[in-house]
Amino acid sequence: MQVPSVNPFAEFRHECEAVLADAVARALPEVKVDTFPLGKPSNPSFGQLASSLCFELAKQLKQKPNDLTALVVKAIDTSRFTLIEKVESTGGYINFRVNFSKFSSLTLESIKQLGAEYGFPKTETPLKIIVEHTSVNPLHPIHIGQARNPILGDSLARILKFRGHDVSRHYYIDDVGRQSSVIAYGYAKLGKPKPDEKIDHFIGKIYTITSCIVELNRLKRQLEVAKSVSANEEVAKLNKEISEWTAIAGELEEKHPKLFAALLAKIGEDANPEEEINKLNRAYEDGEPNAKKLIRDVSDLCLEGFRQTAKRVEIFYDSWDWESDFVWSSQVSDVLQKLKSTPFVFSEGGVLEFDADKVIQTLGLKAKLGLREGQEVPPLTLVRADGTTLYTTRDVAYTLWKFNQAEKVVNVIGMEQSLAQLQLKIALYALGYAKQAESFVHFAYNLVTLPGYKMSSRRGHYITFDEVLDEAIKRAYEEVSKRSPLLTEEEKQKIASFVGIGAVRYALVDVDTGKPVVFTWDRVLNFETNSAPYVQYTHARACSILRKAAKTPEKPECKFLAEQLEHELVLALASFPDMFIEAAEYLKPNMIADYSNALADKFNTFYNALPVIKADSTELCDARLALTDAIRTVLSNALNLIGVVAPEKM
RNA sequence: GGGUCCGUGGCGCAGCACGGAUAGCGUGUCAGCCUUCUAAGCUGAAAGUCCUGGGUUCAAAUCCCAGCGGACCCGCCA
C-alpha cells in the first residue's frame with residue numbers, strides 16, 4: 001500500500017482479490033479460477049465488496065453455494081489483511097468489509113497530498129488523440145441544437161487529457177459546400193457591410209435571407225419550365241414549395257425589413273442567381289484568387305463569432321482545419337486515385353461509387369464492425385458526374401491527414417451521420433489502413449430539439465447558443481440576487497456568469513448521448529438538485545465551512561469518522577478514480593456529472609445531520625474538517641472535467 | 001422496405017458494456033425542518049407490469065430472439 005494512492009478503492013479491491021484467490025486455492029484446490037470478480041453490494045450492510053463466485057462454482061462442484069462460501073471464508077488468511085477488516089459469507093456471497101480507520105486515512109491523506117491531481121490514474125498506453133468537435137459550418141451562429149457537440153467534445157478532450165493522453169482539439173471548417181457560396185454571394189452583393197451586432201449573428205441573417213430569395217427564384221424559374229411542358233404534377237409540387245418559401249420570406253421580411261429589401265434588390269440584378277452561386281462554388285474549389293478571398297473572408301468573420309461564443313463556455317481549439325485546403329492541395333485527388341486502384345470503386349453513368357459492402361465481404365469485416373449477418377452497407381458516391389467530390393470523399397482525405405499526426409481520432413458528430421462515418425471507416429480499411437480504421441471513433445450523440453417546431457438553420461428557425469447563455473446568466477443573476485442579496489453587484493455578476501454557464505454545460509453533458517434532449521428553458525436552466533448550480537453550491541458550502549473553521553488540522557485521526565454517512569462519503573471519494581477511468585475508457589462524460597451530483601448529495605446529507613465545526617470533540621472536528629476538505633477537492637476535480645467552475649463562494 | 005439508436009413511478013433521468021442480494025435519483029404531490037458550519041439545502045410519505053411476449057440462466061431492467069412505439073439514416077446534400 002502506497003501513500004498517497006491515486007486510487008484508494010483499487011488498493012482495497014486488489015487486496016480482496018488476492019485474499020480471495022489465496023483462500024480459494026487452499027479451500028478448493030481442485031478448481032481453477034482465472035478471475036475473481038468483485039462487485040459492490042447493493043446494501044452497505046453486506047460490506048464494501050462482494051463476490052458471487054460460489055454461485056458459479058456450486059454448479060461445477062455440485063455443492064450448495066452456502067457450503068462453499070463457508071469453506072472459502074474459513075480458509076482466508078487474516079494475516080494478509082491491511083485494508084480489509086473482515087470477510088464473511090452471507091447467502092452464497094463472500095462479503096468483504098473495509099477497515100474504515102485505515103481506509104479513511106489512506107483516502108483523505110491521498111486527496112490532501114495529490115490535490116488537483118487526485119483521481120486521475122494515468123493510462124498505461126498514452127496516445128496522441130485528435131478530438132474533432134463543433135465543426136459548425138460558418139454560415140450562421142451556433143444554435144442550441146448544435147451546442148451539445150462542443151460541450152461533449154470539450155468534456156471528452158478534458159477527460160482524455162487527464163487520463164494521460166496527448167489530446168488535440170480540432171475544428172473542421174466545411175467551407176467547400178454550396179452553402180458557403182450562398183452566404184459569400186449575399187455578403188458580396190450587399191457590398192461587404194459592417195455588422196451592427198455580433199458578427200456570426202449578422203452573417204446568419206444574410207445567409208438565411210439570401211438562401212430564401214435564391215431558392216424562390218430557382219423554384220419560380222422551374223415552375224415556368226414545368227408549365228410550358230404542361231407537367232401538371234410537377235407544377236403542383238412546385239407551387240406547394242413556393243408557397244412554403246413565400247411564407248418564410250414573409251417572416252424574414254417582417255423581422256429584418258431593411259436587410260431583406262437590400263438583398264432582394266441586389267440579388268434581383270442577376271438573371272440567374274443560382275448560376276452565380278454555382279460559378280462561385282466552382283471557382284472556389286479551383287482555388288481562383290477572388291473566390292478564395294471572398295469565401296475565406298466571410299468564413300473567417302463567422303468563425304470569429306464562434307470563437308467568442310466558445311470562449312464564454314471555456315472552450316478552445318488547438319487547430320482549425322479548412323476543408324478547402326484538402327481540395328486545393330492534392331490530398332483529395334490523391335486519395336481518390338488510391339481508392340480507384342482498389343477493386344472497390346466502380347463507375348456508373350459517369351459517377352464514381354465506392355462499394356463499401358464489397359470491402360466488408362472481401363476483408364471479412366462484418367464481425368469487426370459489429371454488423372449483423374444479412375446487413376448490407378449501401379455504396380457511397382465519391383465523385384459527381386461533373387467531376388466534383390462529395391463531403392465524405394473529402395473527409396477521407398482529412399481523416400488520413402489526422403492520422404498522420406495522431407494515433408487515434410475521435411469525431412464528435414451527430415448520430416444522423418452514422419452511416420457516412422461507417423462508410424468512411426470502411427474506406428480506411430479499403431485503402432489498407434486497418435490500424436487507423438480501428439482507432440477511428442465516431443462519438444455519436446442524439447439531437448437537441450425544440451418542442452413545437454423543427455430547428456432549421458436554412459429557414460432561420462433556431463435559438464442561438466449565445467441567446468441561451470444570455471438567458472442562463474440573466475436567470476442566474478435573478479437567482480443570486482434573491483438568495484444572496486448582500487453580495488456586491490460585482491460578485492453577483494461574477495456568480496451569475498459561472499452559475500448560468502455551468503448550468504447549461506451540465507444540462508447538455510448530463511444525459512446519455514444516445515437519448516435526444518428536448519430543449520426547454522426549465523430543463524437547461526435548473527438551479528436545484530442535479531444541476532451544476534447544486535454541485536457548485538455544495539462546493540461553496542464546503543469552502544465556507546473550511547473558511548469559518550480557520551484551521552487545517554495537521555494530523556487528523558480518521559478513526560473518529562465512525563458514522564455511516566462519513567463512511568459513505570469516504571467510499572465515494574475513494575471510488576472517484578474508478579469512475580474516472582471508466583468515463584475515460586468508455587467515453588462517457590455524463591458519468592462525471594452523475595458522480596459529482598451524487599457526491600454533493602451525500603455531503604449535503606452529512607452537512608445537515610452532523611456538525612463539523614461544532615463537533616463534540618476537537619479530534620472529531622479535525623477529522624470532519626479533513627473530510628470536508630477532501631470533498632471540496634474532489635468536487636472541484638470532477639467539475640473541472642466537464643468544464644464547470646467550482647466556486648469558493650456563491 | 002432495410003439499418004442504427006432509444007423505451008425504467010405523472011414528468012425528466014441513472015443503472016445495462018461486465019447478469020447477482022429490497023431497481024436508484026431529481027421533479028411534481030403531501031407532511032415537516034432556518035435565534036445552530038451557505039435553505040441553490042435537508043427529513044419523511046404516497047407513487048414502478050423496468051414497452052410486450054418468448055428464450056438462456058441457480059439468478060434477467062441488464063444477454064438472445066420476435067413484436068410494438070418513437071427519433072434518425074438509407075442523396076450526384078453536408
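Just so we're clear, the structure is a prediction, and the values are computed from it rather than from any experiment. Labels below follow one simple rule: chain letters A, B, ... track the order of the sequence lines, proteins then strands, and each chain is numbered from 1. The basis for the numbers below is simple: all heavy atoms, side chains too, and nothing from hydrogens, waters or symmetry mates.
Using a 4.0 Å heavy-atom cutoff across all strands shown, A/Tyr534 reaches sugar-phosphate atoms only and no base atom. Residue contacts shown for A/Leu352 are absent, as no nucleic acid heavy atom lies under 4.0 Å away. If you check every strand for non-hydrogen atoms under 4.0 Å, A/Asp386 touches nothing. Base engagement by A/Gln417 is indicated by at least one non-hydrogen atom pair under 4.0 Å involving a base atom. Looking at heavy-atom distances under 4.0 Å, A/Asn137 makes contact with sugar-phosphate atoms alone, never a base. Residue A/Arg475 is classed as having no contact, given no heavy-atom separation below 4.0 Å to the nucleic acid. Note on A/Asp395: nothing from the nucleic acid sits closer than 4.0 angstrom, heavy atoms only.
For A/Phe55, the ring-ring contact (aromatic ring centres under 6.0 Å, His included) test picks out A/Tyr93, with sequence neighbours left out. A search for salt bridge (charged side-chain N to carboxylate O under 4.0 Å, His left out) contacts involving A/Glu479 returns A/Lys482, A/Arg483, not counting sequence neighbours. Not counting sequence neighbours, the partners of A/Tyr171 by the ring-ring contact (aromatic ring centres under 6.0 Å, His included) test are A/Tyr317, A/Trp320. Partners of A/Phe306 under the ring-ring contact (aromatic ring centres under 6.0 Å, His included) rule, at least two apart in sequence or in another chain, do not exist in this structure. With sequence neighbours left out, A/Phe96 forms a ring-ring contact (aromatic ring centres under 6.0 Å, His included) with no residue at all. Residues satisfying the salt bridge (charged side-chain N to carboxylate O under 4.0 Å, His left out) test with A/Asp357, not counting sequence neighbours, are none. Under the rule for a salt bridge (charged side-chain N to carboxylate O under 4.0 Å, His left out), A/Arg523 has no partner lying at least two apart in sequence or in another chain.
In this structure, the OH atom of A/Tyr595 is 17 Å from the C1' atom of B/rG15, given to the nearest Å. What separates CG of A/Leu635 from P of B/rA40 is a distance of 17 Å, to the nearest Å. Atom CG of A/Asn590 is separated from atom P of B/rA17 by 15 Å (rounded to the nearest Å). Atom CG in A/Asn597 sits roughly 8 Å away from atom P in B/rG26 (whole-Å rounding). Atom C1' of nucleotide B/rA21 and atom CD of A/Glu88 are separated by 14 Å, given to the nearest angstrom. One atom, NZ of A/Lys602, and another, P of B/rG41, lie 17 Å apart when rounded to the nearest Å. Rounded to whole Å, atom C1' of B/rG75 lies 14 Å from atom CG of A/Leu382. Atom P of nucleotide B/rA17 and atom CE of A/Met579 are separated by 19 Å, given to the nearest angstrom.
Side-chain contact check for A/Val345 versus A/Glu353: every heavy-atom pair is 4.5 Å or farther apart. In this structure, the side chains of A/Leu610 and A/Glu566 come closer than 4.5 Å at one or more pairs of heavy atoms.
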Report task. Give the C-alpha distance, both sets of side-chain angles, the deciding distance and a yes or no for salt bridge (charged side-chain N to carboxylate O under 4.0 Å, His left out) between A/Glu491 and A/Lys649. Result -> CA-CA 9 Å; A/Glu491 277 175 323; A/Lys649 197 175 168 186; 3.2 Å; yes

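One donor-acceptor pair, N or O on each side, does fall under 3.5 Å between the base of B/rA17 and the side chain of A/Glu582.
For the 3.5 Å distance criterion, the side chains of A/Asp175 and A/Tyr284 qualify, holding a donor opposite an acceptor. Side-chain contact of A/Asp522 with A/Thr520: a donor-acceptor pair under 3.5 Å is absent, judged by distance alone. Under 3.5 Å, the side chains of A/Ser575 and A/Lys40 contain a donor-acceptor pair of N or O atoms. Using modelled atom types, one finds no donor on one side chain facing an acceptor on the other under 3.5 Å when comparing A/Tyr534 with A/Asn597. Using modelled atom types, one finds no donor on one side chain facing an acceptor on the other under 3.5 Å when comparing A/Asn526 with A/Tyr506.
Aromatic pair A/Tyr398/A/Tyr172: ring centres closer than 6.0 Å.
Across all strands shown, B/rA47 remains unpaired; no Watson-Crick or G-U wobble contact has both distances below 3.5 Å. Using N1 to N3 plus N6-O4 or O6-N4 for Watson-Crick, or N1-O2 and O6-N3 for G-U wobble, each under 3.5 Å, B/rG10 pairs with B/rU27. Pair assignment for B/rC63: B/rG55, on the basis of Watson-Crick or G-U wobble contacts that are both within less than 3.5 Å.
Of the possible polar contacts, one joining the A/Arg394 side chain to the A/Thr389 backbone as a donor-acceptor pair under 3.5 Å is found.
Comparing A/Thr538 and A/Val518 against RNA chain B, the residue whose closest nucleotide sits nearer the 5' end is A/Val518. Mapped onto RNA chain B by nearest heavy atom, A/Glu353 and A/Ile94 fall at different nucleotides, with A/Ile94 at the one closer to the 5' end.
Contacts between residues 519-532 of chain A and RNA chain B, defined by a heavy-atom separation under 4.0 Å, are made by A/Arg523, A/Phe527, A/Glu528, A/Thr529. Shown for residues 46-53 of chain A: residues whose heavy atoms fall under 4.0 angstrom of RNA chain B, namely A/Phe46, A/Ala50, A/Ser52.
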Polar atoms only, N or O, under 3.5 Å: list the protein pairs with nucleotides 4-9 of chain B and their distances.
from	atom 1	to	atom 2	distance (Å)
B/rU4	OP1	A/Gln375	OE1	3.2
B/rC5	O2'	A/Gly514	O	3.3
B/rG7	OP1	A/Lys515	NZ	3.3

Pull out every protein N or O sitting under 3.5 Å from an N or O of nucleotides 35-39 of chain B, one pair per line with the distance.
from	atom 1	to	atom 2	distance (Å)
B/rU36	O2'	A/Lys614	NZ	2.9
B/rC37	O3'	A/Lys548	NZ	3.3
B/rC37	O2	A/Val612	N	3.3
B/rC37	O2	A/Ile613	N	3.0
B/rC37	N3	A/Val612	N	3.0
B/rC37	N4	A/Tyr607	O	2.4
B/rC37	N4	A/Leu610	O	2.8
B/rU38	OP1	A/Ser544	OG	2.3
B/rU38	OP2	A/Ser544	OG	3.0
B/rU38	OP2	A/Lys548	NZ	2.4
B/rU38	O2'	A/Tyr537	OH	2.6
B/rU38	O2'	A/Arg541	NE	3.0
B/rU38	O2'	A/Arg541	NH2	3.3
B/rU38	O2	A/Tyr537	OH	3.1
B/rU38	N3	A/Met650	O	3.1
B/rU38	O4	A/Ala540	O	3.3
B/rU38	O4	A/Met650	N	3.3
B/rA39	OP2	A/Arg541	NH2	2.5
B/rA39	OP2	A/Tyr607	OH	2.9

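Listed pair A/Thr90 / B/rA21 fails the phosphate criterion, with no side-chain N or O lying under 4.0 Å from OP1 or OP2.
For B/rC64, the O4'-C1' to base torsion is more than 90° from 0; the nucleotide is therefore anti.
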Letter by letter from the 5' end, nucleotides 50-57 of chain B scores (B base, S sugar-phosphate only, - none; protein heavy atoms under 4.0 Å) --------

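With centres under 5.5 Å and a plane angle under 30° as the test, the ring of A/Phe55 is not stacked against the base of B/rA59.
The side-chain tip of A/Arg541 does not point at the ring of A/Phe603 from less than 6.0 angstrom away and within 45° of straight on.
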